[in-house]
Amino acid sequence: MKEAFVIGLSGGSASGKTTVAEKIIQALDFPWVVLLSMDSFYKANIAPPYDQIPFPQQHELAERNEYNFDHVDAFDFDLCCETLRKLKQGRNVEIPMYDFTSHCRKKQAKPLYGANVVIFEGIMSFVRPELRALMDMKVFVDTDSDERLARRLRRDITQRGRNLKGVLHQYNKFVKPAFEQFIEPTLQYADIVIPRGKFMCSCCMHLRSTMHGLVTNTQRDMSHIHNGQPLPSTLNVLESTKQVQGIHTILRNRETPRDDFVFFSKRLMRLLFEFALSLLPHKIHVLCGMSILRAGETMEPALFSVTKDIRLGKILIQTNAATEEPELHYIRVPRKISEDHVILMDATVATGAAAMMAIRVLLDHDEENILLVSLLMADTGVHSVAYAFPKVQIVTTAVDHQLNDRYHILPGFGNFGDRYFGTE
Ligand SMILES: Nc1ncnc2c1ncn2[C@@H]1O[C@H](COP(=O)(O)OP(=O)(O)O)[C@@H](O)[C@H]1O
Ligand SMILES: Nc1ccn([C@@H]2O[C@H](COP(=O)(O)O)[C@@H](O)[C@H]2O)c(=O)n1
């Protein structure tokens, strides 16, 4: 669950790598696939120290088509490797954005959150052994050089601000020799070669079958793999006092009117947060709350009522109706929270798939600084989270033992969000 499957894509310039990557994403129809391009790691930077040649000089050379963008030294391989390694580990990264017309990095970097599958494409992606070692599958797009030149002429003139003479000059002086010297020899490392850049169904079928055993249906797999295992030591269950039992009875009763349901769930949330806060170490710490929308949002007022100056983030994860997989739709995280204690909130946790996706997004944290706080959990969810993230503290008021065939907790609280918001 933690490691992303990395597909490396290589081939000459304009061979069709990006196009093939996009087709793989469509054809795989897989949740949470990200595309990372080597172009982001050109050394051409707005500020030193990445520049070997000072930027004004490099820019001027590029404008005259005299800067060699097709040499291994043009790329920041260290940053590239570190970024891909982090993504493979399911961690967050900041991707530099490159602008081909100004030959420099944009000021703004693009945040990427961990993913199930990472497609990494670039002319030099197979050149370095440390990059190849991060790839689970390597695909080479092998397109004839005339075809590549024709495509490059069209693309660079229409999209990258070049002219005919400049493209031809750059191609003959740098692009063609680089292909022969650096890129073509890496064809030997490919598991799959796509001839003439024509993406074929057979290629996708091969990719699917290779990945099948690795990333299958998360909800289904997680719903029964932990049967009979003892509950983990990171699980903290609120003491089942008469008051807590009474509130559970009210919340579990499907006849309970909405206003009672809201009142007593709020009451239980406060007790839960008091308990969760008592588990934090005795020192000054900064707190950040993260609610998993939409049911986790119901817990925010209770959290505010027991904590002062807490920062808040939100994350929207929804289950794809067709694949039954959780998908990340929206995220807002306060800046610089990597040192904070994070209280991750969801009203109920069934299989644990959404909670695990949220924890993965937060993985720039030490796991022990994350508390997953939920009113009610299924033991499947408890086991899955604890297995994947053994240091995350899990805090709840009760653990139920069954899930139905739609992965709802039994006996449970029913659909918490619908009952709370009155959208049943
Ligand atoms: N199979 C194909 N047939 C025709 N044109 C293609 C094909 N694959 C890519 N192209 C075009 O060639 C250009 C370069 O493709 P791209 O995927 O960006 O290549 P790369 O990422 O390898 O540089 C684009 O304009 C794209 O539309
Ligand atoms: N400022 C730049 C930077 C790079 N290039 C060329 O881009 C090619 C790599 O990108 P592909 O999408 O074609 O793989 C590479 O061959 C560089 O020559 C550029 O022209 N200007």
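Note that ligands are numbered from 1 as they come in the structure, with each ligand's atoms numbered from 1 the same way. Residues: numbered from 1 along the sequence shown.
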Please work out which of Tyr42, Tyr171, Tyr98 has its closest non-hydrogen atom nearest to atom 1 (N) of ligand 2. Tyr98
Quick note on ligand 1: atoms under 4.0 Å from a heavy atom of Thr19 include exactly 8 (N), 9 (C), 15 (O), 16 (P), 17 (O), 26 (C)
Would you tell me whether Gln181 and His71 have side-chain atoms, one donor and one acceptor, within less than 3.5 Å of each other? no
May I ask you to check whether Glu147 has an N/O atom sitting below 3.5 Å from an N/O atom of ligand 1? no
For atom 20 (O) of ligand 2, which of Arg155, Arg162, Arg160 has the closest heavy atom? Arg162
Please state which part of Ala14 comes within less than 4.0 Å of ligand 2, counting heavy atoms only: side chain, backbone, both or neither. backbone
Which atoms of ligand 2 are found less than 4.0 Å from any heavy atom of Gln170? 18 (O), 19 (C), 20 (O)
Tell me the protein heavy atom at minimum distance from atom 8 (C) of ligand 2, and give that distance in Å. Arg152 NH1, 3.5 Å
If you count the non-hydrogen atoms of other residues, nucleotides and ligands that lie under 6.0 Å from CD in Gln188, is the total more than 12? yes
Can you list the ligand 2 atoms lying under 4.0 Å from a non-hydrogen atom of His103? 1 (N), 2 (C)
Tyr42 and Phe75: aromatic ring centres closer than 6.0 Å? yes
As a test of understanding, state which of Leu372, Thr348, Asp400 forms a side-chain contact (heavy atoms from CB on, under 4.5 Å) with Met377. Leu372
Distance-only polar pair, side chains of Asp379 and His401, donor-acceptor under 3.5 Å: yes
Interfacing atoms of ligand 2 (cut-off 4.0 Å, heavy-atom, Lys17): 14 (O)
Checking side-chain polar atoms at under 3.5 Å, does Glu297 have a donor or acceptor matched by the opposite partner on Ser291? no
By number and element, which atoms of ligand 2 are closer than 4.0 Å to a non-hydrogen atom of Asp70? 15 (C), 16 (O), 17 (C), 18 (O)
Considering heavy atoms of the protein only, find what lies nearest to atom 13 (O) of ligand 2 and give residue, atom and distance to 0.1 Å. Ser13 OG, 2.6 Å
Are the side chain of Lys138 and the backbone of Ile7 linked by a donor-acceptor contact shorter than 3.5 Å? no
Arg151, Arg154, Met38, Arg152: member with heavy atom nearest to atom 13 (C) of ligand 1: Arg151
Identify, by atom number and element, the atoms of ligand 2 in contact range of Asp39, meaning under 4.0 Å from any of its heavy atoms. 10 (O)
Classify the side-chain pair Arg148/Thr143 by whether it contains a donor and acceptor separated by less than 3.5 Å. no
With nothing but distance in play, are any N or O atoms of Lys17 less than 3.5 Å from an N or O of ligand 1? yes
Indicate the ring-plane relationship of Phe261 and Phe413, choosing parallel, tilted or perpendicular according to the 30° and 60° boundaries. perpendicular
Indicate yes or no: does an N/O atom of Ser13 lie under 3.5 Å from an N/O atom of ligand 1? no
Sequence neighbours excluded, the answer for salt bridge (charged side-chain N to carboxylate O under 4.0 Å, His left out) partners of Arg64 is Glu60
Name all residues meeting the side-chain contact (heavy atoms from CB on, under 4.5 Å) criterion together with Phe421; count only those two or more places apart in sequence or in a different chain, and write none if there are none. Arg294, Thr298, Thr423
State if Gly11 counts as touching ligand 1 under the rule of any non-hydrogen atom under 4.0 Å. no
Short list, please: which atoms of ligand 1 are under 4.0 Å from a heavy atom of Ala14? 14 (C), 19 (O), 20 (P), 22 (O), 23 (O)
